Amino acid sequence: MCKGLPLLIFTGLLFFQFIPDGQARDKYSDSLKNELNKPGLTDSARIEALLQLGWNYSFINADTARVYLHEAIALATRHKNFNKTGEAFAYIGTSFSRTDHYDSALYYYKKAETFFSRDGSAEARLNIVIGRMGMATVVLEQGYHQMAIRYYLEAIDSLNKSNFPEKWTNLVTAYTNIGLVYNDQQQYDKALLYQQKALELCGAHGIEIAKATQVQQLVALDLVNLKQPDQAKAALHKADSLAGKANLEYLFAIQYGIQGRYFLEIKKYNSAIAAFNRSIAYARRTGNLFQEASM
């Protein structure tokens with residue numbers, strides 16, 4: 001497992017999860033299937049290939065994903081590999097989450113945690129933390145904001161007490177997502193507090209530039225929402241610099257969308273329209289209908 005969770009999606013926040021295109025997913029699935037057909041493949045390698053196929057198919061076809069994941073569970077259980085069994089159950093949870101079956105998603109995330117707890121390895125302990133963050137995503141979609149924040153805070157507490165290799169990336173995600181919960185509730189001062197915590201970690205621990213850019217963009221958005229145009233302008237300038245270094249089109253779509261909101265706030269309507277149009281253009285180039293529709 002050990003996949004740093006993506007940042008959450010909230011309607012109207014001009015912020016989205018970047019997912020590889022369908023062609024890349026298909027190519028990756030084909031390579032994994034070829035791996036499974038290799039003679040002499042060890043059971044541990046087979047489990048890993050099945051897990052990756054399940055994860056990849058959870059973006060494409062949830063039913064197919066679960067077929068591979070249940071096969072992984074059977075094989076991992078036979079070898080009493082509790083961590084990999086937990087990973088498979090967690091990925092099943094993710095497949096249900098992606099198809100909006102939140103009760104089922106929560107059930108499988110909790111089931112996964114029981115196996116991670118039986119394993120006791122450092123990886124399994126990290127997977128418990130990541131699973132809690134997955135649960136937070138699910139209960140948030142169900143409208144339970146405070147429960148989501150509680151799960152994130154539990155994850156933060158565990159991460160702060162740990163020395164996991166992925167500690168800082170997952171802390172950034174947890175702080176950012178708490179900020180997004182408060183943003184969704186229009187509690188922009190609290191949202192800014194948590195986004196700034198995430199941003200400090202990005203600078204202190206060399207978090208990948210794409211993720212750091214997104215956090216900086218959210219800080220700028222919070223400042224726009226708080227009607228602090230001077231601070232928002234400075235934050236947007238920093239985000240623009242980071243987005244240029246990352247050079248990813250989906251980040252430009254977000255950047256220009258937030259710029260449009262900034263220009264609306266200071267009543268520069270022509271500049272706002274131009275920024276929104278640029279955001280839409282980048283959104284179309286990346287196939288992001290959510291971003292395009294939010295303009």
Side-chain angles (χ1 to χ4, degrees), residues 1-10 13-20 55 83 87 90 94 113 116 121-137 140 148-184 188-223 231-232 234-252 254-255 258:
M1 194 173 171
C2 287
K3 297 177 184 292
L5 290 178
L7 300 177
L8 298 178
I9 305 168
F10 284 92
L13 285 187
L14 308 176
F15 198 69
F16 61 93
Q17 172 188 351
F18 177 69
I19 299 172
W55 174 263
N83 184 55
E87 286 185 18
T94 300
E113 185 169 312
F116 294 142
S121 67
E123 184 178 357
R125 292 197 303 273
L126 176 57
N127 282 338
I128 290 173
V129 174
I130 295 173
R132 288 292 174 94
M133 294 165 72
M135 292 179 203
T137 303
L140 189 59
I149 290 172
R150 190 189 80 210
Y151 278 132
Y152 284 128
L153 290 174
E154 287 175 356
I156 287 168
D157 183 62
S158 296
L159 287 166
N160 279 326
K161 294 175 181 176
S162 76
N163 195 28
F164 298 130
E166 298 85 356
K167 170 179 179 173
W168 302 112
T169 297
N170 283 292
L171 272 173
V172 167
T173 298
Y175 279 124
T176 301
N177 284 350
I178 291 175
L180 283 168
V181 175
Y182 282 122
N183 204 320
D184 195 47
Y188 303 125
D189 52 343
K190 291 182 179 180
L192 180 62
L193 174 67
Y194 282 97
Q195 305 298 2
Q196 287 176 329
K197 286 179 182 287
L199 192 59
E200 288 172 8
L201 291 177
C202 287
H205 298 285
I207 301 302
E208 63 173 319
I209 192 166
K211 195 160 195 171
T213 302
Q214 291 175 310
V215 177
Q216 180 66 60
Q217 288 171 330
L218 282 172
V219 168
L221 178 60
D222 291 333
L223 290 165
Q231 294 93 322
L236 273 169
H237 180 73
K238 292 177 182 177
D240 192 55
S241 176
L242 288 171
K245 291 176 183 177
N247 195 30
L248 295 169
E249 290 185 336
Y250 77 96
L251 292 175
F252 294 139
I254 298 169
Q255 182 70 16
I258 298 172

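What you see is a predicted model; the values in this text were computed from it and never measured.
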Less than 4.5 Å apart, any side-chain heavy atom of [X] and any of [Y]?
{"X": "Leu180", "Y": "Asp184", "value": "no"}
{"X": "Ile254", "Y": "Leu221", "value": "no"}
{"X": "Tyr182", "Y": "Asp222", "value": "no"}

Closest non-hydrogen atom pair between [X] and [Y], with its separation:
{"X": "Thr213", "Y": "Ala239", "answer": "CG2-O, 4.0 Å"}
{"X": "Ile209", "Y": "Lys245", "answer": "CD1-CB, 3.3 Å"}
{"X": "Asn83", "Y": "Phe116", "answer": "O-CE2, 3.3 Å"}

So how far is it from [X] [atom1] to [Y] [atom2], rounded to the nearest 0.5 Å?
{"X": "Asn127", "Y": "Glu87", "atom1": "CG", "atom2": "CD", "result": "5.0 Å"}
{"X": "Asp240", "Y": "Gln255", "atom1": "CG", "atom2": "CD", "result": "5.0 Å"}
{"X": "Asn183", "Y": "Asn177", "atom1": "CG", "atom2": "CG", "result": "11.5 Å"}
{"X": "Thr173", "Y": "Tyr152", "atom1": "OG1", "atom2": "OH", "result": "9.0 Å"}
{"X": "Met135", "Y": "Ile130", "atom1": "CE", "atom2": "CD1", "result": "12.0 Å"}

Mind checking what makes salt bridge (Lys or Arg N to Asp or Glu O under 4.0 Å) contact with Glu154, not counting sequence neighbours? Arg132, Arg150

Can you list the residues that meet the side-chain contact (heavy atoms from CB on, under 4.5 Å) rule with [X], with sequence neighbours excluded?
{"X": "Ile156", "result": "Leu153, Asn160, Leu171, Ala174, Tyr175, Ile178"}
{"X": "Ala235", "result": "Gln216, Val219, Ala220, Leu223"}
{"X": "Ser162", "result": "Leu159, Phe164, Lys167"}

So, Gln217 side chain and Leu251 main chain: donor-acceptor pair closer than 3.5 Å or not?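 Looks like yes, one N/O pair under 3.5 Å.
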
Would you find more than 12 non-hydrogen atoms of other residues, nucleotides or ligands less than 6.0 Å from Asn163 atom CG?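 Counting other residues, nucleotides and ligands, CG of Asn163 stays at 12 neighbours or fewer.
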
Residues 194-205 side chain polar contacts: donor-acceptor under 3.5 Å, at least two apart:
| residue | atom | partner | partner atom | Å |
| --- | --- | --- | --- | --- |
| Gln195 | NE2 | Thr176 | O | 3.2 |

Those residues that, when tested against Phe252, pass ring pair (Phe, Tyr, Trp, His ring centres under 6.0 Å) (two or more places apart): Tyr282

